[in-house]
J.: 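Submitted below is the structure of interest, expressed as structure tokens.
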Amino acid sequence: MKGCDYLILKPRSESSELLILRALSPRKNFTEKERQYYLGLEKGYEGELKFDKLMETHLNEIPFLNDLLLEQNNSLFQIDSLGCSKDGLYLFDIKNFEGDFIVDGETWKTTNGTELKNPIHQSTRCETLFRKYLLERKFNLPIKSYLIFINPHFTLYNAPINPSIILPTQLDKFIEKLQMDISNPGTKYTKLVERILSDHRSGYPNPNLPKYEYGELKKGVFCSECRSNMLSDLDRTGKVFCGGCRNVESLESAVLRSIWDFQLLFPEKKVTTVEIFKWCNGIVGYRTILRILIKNFKREGNGKATFYL
DNA sequence: GTAGCACCGTAGGTATTAGG
DNA sequence: CCTAATACCTACGGTGCTAC
């Protein structure tokens with residue numbers, strides 16, 4: 001089934017937090033804690049994309065709303081994926097945990113003893129808040145909620161017997177069952193979807209971002225794949241090469257990514273030719289930067305006061 | 001296979017222009 | 001008036017096509 005037949009009413013995209021951390025990761029020396037946090041976000045997002053892919057392949061006749069951030073009684077809650085079937089709503093919480101984990105009563109920990117937030121509690125909290133959210137807005141609908149461990153290399157010792165938890169080994173069966181149960185709701189949820197989309201918060205308050213300053217950040221153009229330094233190619237081919245993974249990328253797209261990172265990290269700074277030239281650490285010629293800016297941005301001002309939007 | 005060629009893209013010299 | 005921005009121009013590498 002083609003992607004365009006898949007009904008995504010609200011697409012998924014990286015949170016601004018993840019985008020900022022991703023832009024910072026090759027440029028700033030993270031503390032171990034920051035690095036772990038960042039990698040956790042990447043991993044989580046990767047898991048969500050994997051889930052989307054599964055749904056696109058196997059459950060493409062019902063609409064989905066992804067990545068919702070809603071509020072109920074001053075409590076924010078996040079929904080990874082919401083499927084709208086004729087028989088009710090399906091709430092999916094997706095975890096991309098990898099490795100061995102142990103359940104000890106209410107506590108979850110890794111085999112080396114590190115405790116983590118109990119994902120069942122998180123999932124239940126989300127479900128509870130979403131039920132209240134619906135009831136308060138007079139939508140009386142059945143909800144089925146699932147906590148899905150999507151990573152095939154996930155093992156849970158002492159796993160609780162709970163039909164809402166889907167372990168990787170159960171995933172195929174689970175999807176088969178969903179295929180039997182769900183069906184296209186037609187226009188049943190038009191009002192609800194409209195309401196949810198208007199309530200959705202795009203901005204997420206972010207206390208976890210590390211502080212950073214222009215001066216402390218490494219300058220350069222970084223590989224989209226492995227984040228290591230890109231090397232300019234001296235043969236004037238319009239390509240740049242990754243020093244780490246040998247990835248080849250067009251000079252223009254690599255520079256555009258750097259400009260985008262610059263705007264993301266320093267929204268208050270103006271994009272000028274020199275500024276971007278310095279930001280890219282001279283990997284790309286000054287005039288090439290200028291040409292890329294002219295081609296892809298709108299120029300404001302003249303002469304020395306020129307900047308790009 | 002390869003020489004010849006058009007086309008695309010970057011680098012860098014130089015002249016012109018505008019802002020501070 | 002000085003400096004940075006930038007337009008215009010040339011040089012040249014890579015690519016892909018064609019004719020042989």
Side-chain angles (χ1 to χ4, degrees), chain A residues 1-5 11-30 35 38-39 41-42 45-46 49 52-53 56 202-203 206 209-309:
Chain A
M1 193 66 79
K2 275 186 294 180
C4 57
D5 297 326
R12 187 186 306 288
S13 60
E14 289 95 335
S15 65
S16 66
E17 182 182 30
L18 174 54
L19 288 173
I20 289 177
L21 287 172
R22 196 182 274 173
L24 279 178
S25 73
R27 296 182 169 92
K28 184 179 160 64
N29 292 319
F30 282 164
R35 205 179 64 90
Y38 162 60
L39 292 177
L41 285 187
E42 283 285 9
Y45 186 67
E46 194 185 298
L49 290 184
D52 291 347
K53 195 101 198 160
E56 184 181 342
S202 47
N206 232 310
L209 279 178
K211 296 221 177 329
Y212 56 90
E213 282 168 36
Y214 182 85
E216 70 172 312
L217 299 184
K218 288 194 195 81
K219 312 297 184 292
V221 177
F222 300 94
C223 176
S224 59
E225 301 299 316
C226 74
R227 318 260 133 210
S228 56
N229 247 305
M230 304 288 291
L231 307 170
S232 107
D233 142 48
L234 302 169
D235 297 338
R236 304 182 179 186
T237 52
K239 304 254 165 52
V240 283
F241 298 89
C242 173
C245 67
R246 315 309 297 164
N247 180 34
V248 182
E249 186 180 7
S250 89
L251 200 152
E252 179 162 330
S253 74
V255 169
L256 281 174
R257 186 176 56 258
S258 298
I259 298 173
W260 206 60
D261 284 354
F262 178 79
Q263 291 180 307
L264 185 68
L265 294 174
F266 302 101
E268 74 286 354
K269 281 193 197 289
K270 279 182 174 160
V271 175
T272 65
T273 318
V274 226
E275 198 67 69
I276 297 303
F277 179 70
K278 285 191 278 188
W279 180 244
C280 294
N281 205 20
I283 299 294
V284 185
Y286 184 87
R287 286 182 181 74
T288 304
I289 303 264
L290 174 68
R291 194 187 48 76
I292 292 172
L293 282 170
I294 289 171
K295 184 172 163 196
N296 296 281
F297 294 79
K298 188 178 182 308
R299 194 162 77 194
E300 292 285 325
N302 260 316
K304 268 180 163 174
T306 306
F307 61 99
Y308 299 83
L309 295 173

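Naming convention: chains lettered A, B, ... in sequence-line order (proteins, then strands); numbering from 1 in each chain. Excluded from the calculations below are hydrogen atoms, water molecules and symmetry mates; all remaining heavy atoms, backbone and side chain alike, are included.
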J.: In whole Å, I'd like the distance from the CD1 atom of A:Ile276 to the C1' atom of C:dA5.
T.: 15 Å
J.: Would you please name every residue forming a ring-ring contact (aromatic ring centres under 6.0 Å, His included) with A:Tyr214, sequence neighbours left out?
T.: A:Phe266, A:Trp279
J.: Applying side-chain contact (heavy atoms from CB on, under 4.5 Å), run through A:Asn29 and A:Glu216 and close with a yes or a no.
T.: CA-CA 9 Å; A:Asn29 292 319; A:Glu216 70 172 312; over 6 Å; no
J.: For A:Tyr286 and C:dA7, what is the distance between atoms OH and P respectively, to the nearest whole Å?
T.: 11 Å
J.: Could you tell me whether the side chain of A:Lys28 and the main chain of A:Pro26 form a donor-acceptor pair under 3.5 Å?
T.: no
J.: Sequence neighbours excluded, which residues qualify as side chain to side chain contact (heavy atoms under 4.5 Å, CB included) partners of A:Leu264?
T.: A:Leu19, A:Ile20, A:Ala23
J.: Flag the pair A:Leu21 / A:Pro210 as yes when at least one side-chain heavy-atom distance between them is below 4.5 Å, and no otherwise.
T.: yes
J.: Separation of A:Leu290 atom CG from C:dC8 atom P, in whole Å?
T.: 12 Å
J.: Would you tabulate the nitrogen or oxygen pairs shorter than 3.5 Å linking the protein to nucleotides 13-16 of chain B?
T.:
{"residue": "B:dG13", "atom": "N7", "partner": "A:Arg287", "partner atom": "NH2", "Å": "3.0"}
{"residue": "B:dG13", "atom": "O6", "partner": "A:Arg287", "partner atom": "NE", "Å": "2.6"}
{"residue": "B:dG13", "atom": "O6", "partner": "A:Arg287", "partner atom": "NH2", "Å": "3.1"}
{"residue": "B:dT14", "atom": "O4", "partner": "A:Arg287", "partner atom": "NH2", "Å": "2.3"}

